[in-house]
Amino acid sequence: LKLKRVELQGFKSFCDRTELKFNGSGIAAVVGPNGCGKSNLSDAITWVLGEQSARSLRGARMEDVIFAGTRNRKAVGMAAVTMVLMDPGTPPLEQHPVPSAEPVVEVEGESNVTVLPAKASEVTITRRLFRSGESEYLIDGRQARLRDIQDIFMGSGLGPESYAIIEQGRIGQILSSKPYDRRAVIEEAA
Amino acid sequence: LKLKRVELQGFKSFCDRTELKFNGSGIAAVVGPNGCGKSNLSDAITWVLGEQSARSLRGARMEDVIFAGTRNRKAVGMAAVTMVLMDPGTPPLEQHPVPSAEPVVEVEGESNVTVLPAKASEVTITRRLFRSGESEYLIDGRQARLRDIQDIFMGSGLGPESYAIIEQGRIGQILSSKPYDRRAVIEEAA
Amino acid sequence: SRTRFQEAFTAINENFKQAFQTLFAGGSGEMRLTDESNASESGIDIIASPPGKKLQNVLLLSGGEKSMAAMALLMAIFKFQPSPFCVLDEVDAPLDEANIGRLTKLLKEMAVDTQFIIITHSKKTMEAAQSMYGVTMQEAGISKLVSVKMQAAEAAVA
Amino acid sequence: SRTRFQEAFTAINENFKQAFQTLFAGGSGEMRLTDESNASESGIDIIASPPGKKLQNVLLLSGGEKSMAAMALLMAIFKFQPSPFCVLDEVDAPLDEANIGRLTKLLKEMAVDTQFIIITHSKKTMEAAQSMYGVTMQEAGISKLVSVKMQAAEAAVA
Ligand SMILES: Nc1ncnc2c1ncn2[C@@H]1O[C@H](COP(=O)(O)OP(=O)(O)OP(=O)(O)O)[C@@H](O)[C@H]1O
Ligand SMILES: Nc1ncnc2c1ncn2[C@@H]1O[C@H](COP(=O)(O)OP(=O)(O)OP(=O)(O)O)[C@@H](O)[C@H]1O
Ligand SMILES: [Mg+2]
Ligand SMILES: [Mg+2]
């Protein structure tokens with residue numbers, strides 16, 4: 001899996017629709033003055049992967065991730081983050097096992113099989129939260145459960161206990177002073 | 001009180017006698033590569049003021065502050081740190097109330113009083129720790145108790161709970177998330 | 001005693017409001033008793049709004065903003081209860097250059113009566129210092145001190 | 001299961017030893033089971049000696065040395081269990097320039113199969129990036145993204 005794109009709207013200080021494109025490899029730097037929103041981008045990635053704890057996102061309630069307004073702009077009613085990944089190794093016909101996904105149409109009798117949808121080797125995950133408390137997960141545009149999203153990342157290093165995202169000030173945690181915490185880190189990767 | 005000088009020997013990575021001179025005001029920067037000993041200097045200052053907790057000095061036991069040796073140098077048997085402060089406002093005849101201090105010799109009948117010792121407005125505090133576990137405090141060269149050292153600093157902002165020394169990574173602590181911890185900070189200063 | 005706490009709280013709070021505005025070039029920050037009716041036992045909340053932003057609990061600020069707010073509180077306490085010296089170990093680590101500039105400007109003012117000892121990796125912070133000590137470890141595990149000429153500041157950043 | 005843990009432990013430990021030597025330009029670091037005789041329940045100790053220094057618990061290292069050791073362990077886990085991307089938020093804050101150089105060199109090698117997203121205030125770290133996003137807050141409280149040309153790196157440090 002390679003990271004291609006992250007979009008966010010109404011998420012923390014990112015009131016307007018914002019898009020980050022990635023090559024899937026290499027180093028992308030994120031820079032800017034204190035308080036401008038860099039760590040909020042990291043929170044958006046943590047959140048779309050299914051983070052359930054508001055405290056891990058530096059909030060008191062999950063509702064705190066929705067843009068809360070400023071003196072000149074009203075708060076909004078929904079936060080949405082989308083992540084697009086590409087699986088370079090997937091044969092075009094194979095799709096992600098989402099129970100409610102639209103079936104692929106194959107044209108029988110032809111020497112070539114028509115492949116739908118066009119970008120079958122991409123996976124798009126979306127998470128939305130409304131102020132009402134309602135919450136949605138989408139995979140390739142279809143309603144899904146948090147569980148389905150976690151399944152996509154099983155064994156990819158992006159599971160719930162993954163170290164793929166190191167928050168500000170947290171790098172020391174991986175050297176946790178408790179020998180059994182360290183064991184848990186290794187067991188998670190195993 | 002103004003800070004004039006700090007000397008250390010056998011303290012952590014400062015095996016040899018080391019001296020820092022200060023103006024008593026202004027900004028002195030301490031620089032150098034990672035791991036070269038800068039925070040150890042801060043520990044030395046914390047220690048000579050009477051720190052009792054080895055953990056606050058990043059060690060397991062108080063003995064850990066004594067130079068432990070390297071591949072090419074043997075460990076030493078004692079750590080010593082001395083701090084010299086000057087009280088610009090002290091009338092020359094007044095000395096610090098140390099019970100065992102040498103009395104000041106006054107020559108009566110003269111229009112001027114001879115003042116001894118020469119630098120009556122300076123105070124020198126020394127702390128020593130031996131590997132045997134024995135420990136000494138000195139004020140102006142005389143044996144003293146930790147209690148006498150703490151008395152010197154009473155009301156000077158260098159008491160046991162003072163914020164005069166901010167350790168690496170600890171600046172956030174002053175904003176402790178517990179409302180009652182914050183109350184303690186203010187009460188301490190009061 | 002209750003009155004001493006109230007006096008200290010009020011004085012330090014005034015200092016904090018000022019220091020916050022200096023370090024944030026605007027905005028506002030202050031301490032509030034969690035329970036106004038019971039000052040003798042109340043805890044303390046700290047609320048802050050950097051310029052143009054909403055007022056909120058100081059713990060919701062960004063990493064750099066929190067460090068600046070913490071320094072404002074530290075300076076507020078110092079102004080009330082001066083200390084002969086103050087050791088700051090890498091407090092500038094999370095700060096951008098503009099904030100380092102505002103912080104060192106305030107530290108210079110506070111340094112009139114206090115000896116500040118600042119451990120730092122930042123050239124910008126070094127520029128604000130009147131004297132500088134370099135710590136080296138030429139021999140592995142053995143620290144040595146060198147007094148550094150201020151022009152050598154650039155080279156001193158290892 | 002016990003075997004899976006043992007295999008993971010051994011593989012990650014080998015990676016850790018290598019990454020440590022790369023990041024510290026020498027020295028040695030490794031993980032050890034606290035209880036060799038009971039591997040299925042043992043905790044893990046991490047010991048390290050930067051070049052020329054004594055072997056000791058990793059928690060006794062300096063601030064910057066700890067961060068480098070932590071990054072070595074993180075890279076060791078990643079090599080064993082690769083992830084599509086890795087977000088590092090200001091891990092370089094306590095590092096001197098020489099260490100930032102060694103860290104970014106290792107990150108470039110790891111970035112062949114992984115998208116690294118590094119939040120940083122350091123120009124030296126920015127120099128190692130192939131692409132850069134600047135985050136601005138021209139309108140107070142509203143974050144906007146700008147794609148930054150690499151030559152504008154200098155100006156981007158606020
Ligand atoms: N729900 C929300 N609505 C609007 N603004 C928010 C919301 N949550 C957080 N913010 C704002 O986001 C800002 C913090 O952003 P962030 O932590 O990403 O800064 P940063 O760029 O990482 O800064 P630093 O370099 O200091 O770490 C704060 O000003 C905070 O008020
Ligand atoms: N008792 C001791 N004897 C010898 N060396 C010691 C002793 N205690 C600590 N050290 C050494 O001191 C070094 C750490 O120094 P220190 O924490 O002051 O570094 P630093 O300059 O603050 O680095 P950084 O910039 O990474 O924070 C370590 O190498 C450690 O091994
Ligand atoms: Mg941040
Ligand atoms: Mg240090």
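Convention: sequence-line order gives letters A, B, ...; per-chain numbering from 1.
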Least distance between heavy atoms, D/Gln115 atom then A/Gly26 atom = NE2-O, 3.4 Å
Please flag which part of D/Thr120 lies under 4.5 Å from any non-hydrogen atom of chain A: side chain, backbone, both or neither.
-> both
Looking only at A/Lys2, A/Lys38, A/Lys12, the option with the highest number of non-hydrogen pairs under 4.5 Å against chain D is A/Lys38
Verdict with supporting geometry, A/Phe22 and D/Ile117, side-chain contact (heavy atoms from CB on, under 4.5 Å) = CA-CA 9 Å; A/Phe22 297 102; D/Ile117 301 166; 3.6 Å; yes
Residues in residues 165-172 of chain A that sit under 4.5 Å from chain D, counting heavy atoms only = A/Ile165, A/Ile166, A/Glu167, A/Gln168, A/Gly169, A/Ile171
Would D/Ile142 and A/Phe67 satisfy side-chain contact (heavy atoms from CB on, under 4.5 Å), going step by step from the backbone distance to the final call?
-> CA-CA 9 Å; D/Ile142 307 290; A/Phe67 174 71; 3.4 Å; yes
Considering all heavy atoms, the nearest D/Ser143-A/Gly37 contact | OG-CA, 3.7 Å
Looking only at heavy atoms, what is the nearest atom pair of A/Leu175 and D/Lys66, with distance?
-> CD1-O, 3.5 Å
Looking only at heavy atoms, which two atoms of D/Phe78 and A/Tyr163 are closest? And how far apart?
-> CE1-O, 3.9 Å
Looking at CZ of D/Phe85 and CG of A/Leu49, how far apart are the two atoms once the value is rounded to the nearest 0.5 Å?
-> 4.5 Å
Toward chain A, the part of D/Leu74 with a non-hydrogen atom under 4.5 Å = both
What are the two closest heavy atoms between A/Ser25 and D/Ala111, and how far apart are they?
-> CB-O, 3.3 Å
Of the options D/Ile119, D/Asp89, D/Val87, D/Leu145, which is the one that meets A/Leu41 in a side-chain contact (heavy atoms from CB on, under 4.5 Å)?
-> D/Leu145
If you round to the nearest 0.5 Å, how far is CD1 of A/Ile27 from OG1 of D/Thr114?
-> 11.0 Å
Residues in residues 68-80 of chain A that sit under 4.5 Å from chain D, counting heavy atoms only | A/Thr70, A/Asn72, A/Arg73
Go through the atoms of D/Met31 and report whether side chain, backbone, both or neither lie under 4.5 Å from a heavy atom of chain A.
-> side chain
With a 4.5 angstrom heavy-atom cut-off, could you sort out which part of D/Glu7 is near chain A: side chain, backbone, both or neither?
-> neither
Which residues pass the salt bridge (Lys or Arg N to Asp or Glu O under 4.0 Å) test with A/Arg55, sequence neighbours left out?
-> none
Okay, A/Ser39 and chain D: the region with an atom under 4.5 Å from a heavy atom over there is both
Checking heavy atoms, do the side chain of A/Met83, its backbone, both or neither come under 4.5 Å from chain D?
-> side chain
Who are the side-chain hydrogen bond (donor to acceptor under 3.5 Å, both in side chains) partners of A/Lys21, not counting sequence neighbours?
-> A/Glu19
Look at D/Cys86, D/Pro84, D/Ala129 and state which one has the largest set of heavy-atom pairs under 4.5 Å with chain A.
-> D/Pro84
Given a strict heavy-atom distance threshold of 4.5 Å, which part of D/Asp45 is in contact with chain A: side chain, backbone, both, or neither?
-> both
Leading residue by heavy atom contact count with chain A [cutoff under 4.5 Å; candidates D/Ala93, D/Ser67, D/Ser147, D/Pro82] = D/Pro82
Identify which of D/Gly134, D/Ser131, D/Gly141 forms the greatest number of heavy-atom pairs closer than 4.5 Å to chain A.
-> D/Ser131
D/Val112 versus chain A, the contacting section by heavy-atom distance below 4.5 Å = backbone
Enclosure of D/Gln138 CD (heavy-atom neighbours >12, cutoff 6.0 Å) | no
Portion of D/Gln130 that has a non-hydrogen atom of chain A nearer than 4.5 angstrom | both
Residue, of A/Leu20, A/Leu85, A/Ile45, A/Asn40, that accumulates the most heavy atom pairs under 4.5 Å with chain D | A/Leu20
